[in-house]
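I have placed the structure first, in the form of structure tokens, so that the comments after it can refer back to it.
Order of the sequence lines fixes the chain letters, A, B, ..., with proteins taken first and strands second; residue numbering starts at 1 for each chain. Quantities reported herein were computed from a predicted structural model and do not represent experimental measurements.
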Amino acid sequence: MALPGFRDFYPDDCAFRNAIFAKWRDVAQRYGFVEYDGPPLEPLDLFTKKSGEEIVTQLYYFKDKGDRDVALRPEMTPTLARLVTARHKDYKKPLKWFSIPQVFRYERQQKGRLREHYQLNCDIIGEAGLEADIELIALVIDVLRTFGLTEKDFVVRLSDRVFWSDFMERHGVPEEQRYAFIQAIDKSEREPREKTAEKLGPLADEVFSILDQGGASERLDTVETGLRHRGLHDYVKRDFTVVRGLAYYTGVVFEVFDRTGEFRAIAGGGRYDTLLKNLGGVDLPALGFGMGDVVLGEILKKQSKDHSEIRTADFYVAIADELYRPQAMALVQKLRDHDDWTDYPIKPMKLGKQLEAATERQASYICIVGPESLEGKVQLRMASYKGIKVVPIDRIFDYLPIENWTSPEADASTS
RNA sequence: GCGACCGUAGCUCAAUGGUAGAGCUCCAGAUUGUGGUUCUGGCUGUUGCGGGUUCGAGCCCCGUCGGUCGCCCCA
């Protein structure tokens, strides 16, 4: 039994997961992002520095044998910040980097939320212009499109942190109340209006008007125009309730949701221009998003969009009689050297069982090694009964693919 | 950390408080000409765990540990 909130991956699960990873990599690379990675275990203070001491309650942390306080990474950004800070001079700007870390959090699990998951992280570092925001949002859209999801399935809700900080500035909201103000907006969707109104005070009416009817943001105008040029405009919707709980976002922010509202957020991200510097690192503008495998997987499963491909066997080498096992094993080795996936009975089995095993592995071809192997020949047949032929083992590949056989049935009697 | 519901074979599920079962899977054998059938047989349970009530608990009560879904939190 796996620990609470942790998953075992049986072959089918692993194939499903790997299919997600493959598509993540494929799209990120298509956008010119390069992959990096870091350690799953980090010094505890790498995370408390960014998020404060209270985060410790949600971390897997412990003392290692050297009495160091360490934690399983709950997110990738601090690690990314360290890597970039140390060697950013080695790379031309902007950096477009992605990673697929397994990240951990210590909390009660619930739907779409376990204690570990894999998270695609894509970040652009060293570019302050909005073209970077457009590029990043286009990427998150294309990742989901690659899984066969459309604008009918999901929506990217766009917002602008600067819009709200300008708003608070203009209305004289004191510095110490601003975080609570943002939090109230963040929760406004899930709470009754009266409760939110109470938190917002005299500004409530104006805020609700903005939430309902939208507001002016040149940034979002530019981003939306840029997405329109790419033909991706139908995937986004301006929504000022999206502010992202975190304090460090500084510009355009976004969250991706499925249209049914049945699931948690699929992805989220935004611009965090001051974060690297605040972590004690290099002063570079940056933005990024994260997308986990759990919610995405739930949605794909619900839509029966299983992209996993379990590779099936190329050859199954059956042994008609144990007498011929040496010849069979020579053939197995030859096929494997030829880069074909080849399986065979690892212990003596009746021929019927062997053919059954070949069927189960969905082998494309079956070789039956029998008496003719003493003359260097083997029965070669297609798994689907379409043909059978006795061929010289040293020229076996000349007879493939089997579809080239002119009259396979006619050859069936050849021996 | 809080609340609600749920824990029976590997899986899906039965079993008035009265001897724990079925189907599927898996394994073995038979048969099918060298395949997808069909038979036959077999395996696995301290009914999550620990207490309590009772002549007797899978069933009722308490606790605990898991699971699911919410709350809190959200990287």
Side-chain angles (χ1 to χ4, degrees), chain A residues 1-8 10 12 42 46-52 54-60 71-81 99 101-121 123 182-183 186-187 190-191 242-249 253 255 262-265 267-270 272 275 279 288-292 294-295 298 316-321 345 347-363 365-372 378-386 388 390 412-413 415:
Chain A
M1 195 70 176
L3 285 170
F6 286 76
R7 297 170 289 173
D8 291 321
Y10 286 87
D12 284 352
E42 292 274 19
L46 183 69
F47 305 117
T48 55
K49 211 159 43 173
K50 176 183 166 192
S51 310
E54 64 277 16
I55 197 180
V56 171
T57 61
Q58 308 209 6
L59 284 179
Y60 266 97
L72 290 169
R73 61 187 171 198
E75 57 162 332
M76 201 56 177
T77 308
T79 300
L80 173 66
S99 190
Q102 189 179 22
V103 294
F104 308 85
R105 59 192 146 215
Y106 194 92
E107 60 174 14
R108 192 68 185 266
Q109 64 170 315
Q110 51 190 298
K111 185 177 166 64
R113 204 123 198 252
L114 306 174
R115 285 181 168 179
E116 55 82 21
H117 69 150
Y118 293 89
Q119 189 181 61
L120 172 66
N121 277 253
D123 293 271
I182 287 288
Q183 291 283 315
D186 189 29
K187 285 188 183 159
R190 303 184 293 263
E191 282 181 346
V242 174
V243 290
R244 307 282 294 156
L246 285 306
Y248 59 77
Y249 285 108
V253 292
E255 288 183 344
E262 182 181 343
F263 301 95
R264 288 172 175 279
Y272 50 94
L275 181 65
L279 287 176
F289 74 82
M291 177 188 299
V294 177
V295 174
E298 286 174 349
Y316 190 90
V317 175
I319 302 170
D321 188 292
K347 66 175 183 182
M349 268 206 283
K350 295 207 291 191
L351 194 50
K353 292 283 183 193
Q354 296 184 48
L355 297 176
E356 202 173 301
T359 301
E360 191 188 356
R361 287 161 180 69
Q362 297 178 1
Y365 303 107
I366 297 175
C367 299
I368 299 176
V369 181
E372 60 282 322
V378 66
Q379 277 188 53
L380 176 62
R381 64 163 59 176
M382 206 145 112
S384 53
Y385 266 134
K386 291 263 172 56
I388 181 168
V390 175
S413 56
S415 63

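Considering only the side chain of A/Thr359, B/rG36 comes nearest among B/rG1, B/rC72, B/rG36. Nearest to the side chain of A/Lys111, among B/rC74, B/rU34, B/rC69, sits B/rC69. Ranking B/rG35, B/rU34, B/rG66 by closeness to the A/Leu351 side chain, first place goes to B/rU34. In the set B/rG67, B/rC73, B/rG35, B/rG67 carries the atom at the smallest distance from any side-chain atom of A/Pro4.
When both pairing distances are held under 3.5 Å, B/rC27 makes a Watson-Crick or G-U pair with B/rG41. Under the Watson-Crick or G-U wobble criterion, with both distances below 3.5 Å, B/rU12 is paired with B/rA22. B/rC2 is paired with B/rG70 under the Watson-Crick or G-U wobble criterion, all donor-acceptor distances under 3.5 Å. For B/rU64, the paired nucleotide is B/rG48, the pair qualifying as Watson-Crick or G-U wobble because both relevant distances are below 3.5 Å. When both distances must be under 3.5 Å, the Watson-Crick or G-U wobble mate of B/rU32 does not exist. Across the strands present, B/rG56 finds no partner; the criterion is a Watson-Crick or G-U wobble pair with both atom distances under 3.5 angstrom.
When all heavy atoms of A/Val243 and A/Asp186 are compared, the closest pair comes out as CG2-CB, 3.5 Å. Closest non-hydrogen pair, A/Phe47 versus A/Leu59, comes out as CB-CD1, 4.3 Å. The minimum heavy-atom distance linking A/Val294 with A/Arg7 is given by the pair CG2-NH1, 3.8 Å.
Spacing between B/rG29 and B/rC43 at atom C1', rounded to whole Å, works out to 15 Å. If you take atom C1' in B/rG17 and the same atom in B/rA28, they sit 40 Å apart, rounded to whole Å. Rounded to the nearest Å, the gap between the P atom of B/rC39 and that of B/rU25 is 12 Å. Between the C1' atoms of B/rA14 and B/rC62, the separation comes to 28 Å (whole Å). Nucleotides B/rC6 and B/rG63 are separated by 15 Å at their P atoms, to the nearest Å. When the P atom is used for both B/rU40 and B/rA22, the distance is 14 Å, rounded to whole Å. Between B/rC72 and B/rG3, the distance separating the two P atoms is 15 Å to the nearest Å. Comparing B/rG50 with B/rA57, their C1' atoms are spaced 15 Å from each other, to the whole Å.
A 4.5 Å side-chain heavy-atom check between A/Tyr118 and A/Gln102 finds at least one atom pair inside the cut-off. At a threshold of 4.5 Å between non-hydrogen side-chain atoms, the residues A/Arg264 and A/Glu298 do not count as touching. Using a 4.5 Å heavy-atom threshold, the side chains of A/Cys367 and A/Leu380 count as touching. Between A/Thr77 and A/Leu275, the closest side-chain pair of non-hydrogen atoms falls below 4.5 Å.
We find that CG of A/Asp8 is positioned 14 Å from C1' of B/rG67, with the value rounded to whole Å. Per the geometry, CZ belonging to A/Arg381 stands 11 Å off P belonging to B/rU34, to the nearest Å. Atoms CD (A/Glu107) and C1' (B/rU68) sit 16 Å apart, rounded to a whole Å. In this entry the distance linking CZ of A/Arg105 with P of B/rG1 reads 17 Å, nearest Å. The separation between A/Gln119 atom CD and B/rC74 atom C1' is 11 Å, rounded to whole Å. As rounded to whole Å, 11 Å separates atom P of B/rC74 from atom OH of A/Tyr248. Going from atom CZ of A/Phe47 over to atom P of B/rC73 covers 22 Å, rounded to whole Å. Computed from coordinates, the A/Lys353 NZ to B/rG35 P distance equals 13 Å when rounded to whole Å.
Close to B/rU68, at under 4.0 Å from its OP1 or OP2, lies a side-chain N or O of A/Gln109. For A/Lys350 and B/rA30, the shortest distance from a side-chain N or O to OP1 or OP2 is below 4.0 Å. Considering only side-chain N and O atoms, A/Gln58 lies nowhere under 4.0 angstrom from the phosphate OP1 or OP2 of B/rC74. For A/Lys347 and B/rA28, the shortest distance from a side-chain N or O to OP1 or OP2 is below 4.0 Å.
With the nearest nucleotide of RNA chain B identified for both A/Ile368 and A/Glu262, A/Ile368 has the one nearer the 5' end. Along RNA chain B, the nucleotide nearest A/Arg113 and the nucleotide nearest A/Ala320 are compared for position; the residue whose nucleotide lies closer to the 5' end is A/Ala320.
A donor and an acceptor atom never sit less than 3.5 Å apart when one is taken from the side chain of A/Arg108 and the other from the base of B/rG70. Put simply, the side chain of A/Gln110 and the base of B/rU68 share no donor and acceptor less than 3.5 Å apart.
Heavy atoms of A/Gly269 sit nowhere under 4.0 angstrom from any nucleic acid atom. Within 4.0 Å of A/Gln354, counting heavy atoms only, lies no atom of the nucleic acid at all.
Both the sub-6.0 Å distance and the 45° axial angle are not jointly satisfied by A/Arg115 relative to the ring of A/Phe104.
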